[in-house]
Amino acid sequence: MKKDQTFLTTSELSKLIKYDSRTIRDRLKDSVLLEGIHYIRPFGGRKILYIWEAIQKDIGKKSTNAFEIPMANGGIAHGTY
């Protein structure tokens, strides 16, 4: 974890990116907002804190193709249809 990170609750993030809290939890978390990159679960608990700097960095990036699977090392596996 970096020293100067800003941690936000789902409600706080919702206000900044203009998405409903439910949309963040149900549609964005674990599809475009990834654990360990965009959010953490402090102390191994259930609470989620979003990392604002990581979200700011990635928010303008182009959406990935539905048939592309992000890999842990940063690469992409291309699925077939």
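Values below: all heavy atoms of this structure, side chains included; hydrogens, waters and symmetry mates excluded.
For the pair Ser14 (side chain) and Thr10 (backbone), a donor-acceptor distance under 3.5 Å is absent. For the pair Glu53 (side chain) and Thr6 (backbone), a donor-acceptor distance under 3.5 Å is present. Counting only distance, with no hydrogens or angles, the side chain of Lys18 and the backbone of Lys15 share a donor-acceptor pair below 3.5 Å.
Between the OH atom in Tyr19 and the CG atom in Leu28 there is a gap of 6.0 Å [rounded to 0.5 Å]. From Asp30, atom CG reaches atom CZ of Arg25 across 13.0 Å, with rounding to the nearest 0.5 Å.
Nearest heavy-atom pair across Lys47 and Pro42 is O-CD, 3.4 Å. Listed here is the closest heavy atom pair of Tyr50 and Lys29: OH-CD, 3.6 Å.
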Begin from the C-alpha positions of Ile40 and Ile48 and carry the test side chain to side chain contact (heavy atoms under 4.5 Å, CB included) through to its verdict. CA-CA 6 Å; Ile40 62 167; Ile48 292 173; over 6 Å; no
Apply side chain to side chain contact (heavy atoms under 4.5 Å, CB included) to Trp52 and Gln5, showing your working. CA-CA 7 Å; Trp52 177 236; Gln5 291 181 325; over 6 Å; no
Could you give me the CA-CA distance, side-chain angles and deciding distance for Leu33 and Leu13, then say whether side chain to side chain contact (heavy atoms under 4.5 Å, CB included) is met? CA-CA 12 Å; Leu33 300 176; Leu13 179 62; 4.3 Å; yes
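The hydrophobic clustering, which links ILVMFWY residues whose side-chain heavy atoms are closer than 4.5 Å, places Phe7 and Leu16 apart. Placement of Ile55 and Ile37 in two distinct hydrophobic clusters is found when ILVMFWY residues are connected by side-chain heavy-atom separations under 4.5 Å, directly or transitively. Ile51 and Leu34 sit in two unconnected hydrophobic clusters of ILVMFWY residues. Membership requires side-chain heavy atoms under 4.5 Å apart, directly or through other members. At a threshold of 4.5 Å between side-chain heavy atoms, the hydrophobic network of Ile, Leu, Val, Met, Phe, Trp and Tyr places Leu8 and Leu49 in two separate groups.
Residue Arg27 places its CZ atom among 12 or fewer non-hydrogen atoms of other residues, nucleotides or ligands, all under 6.0 Å distant.
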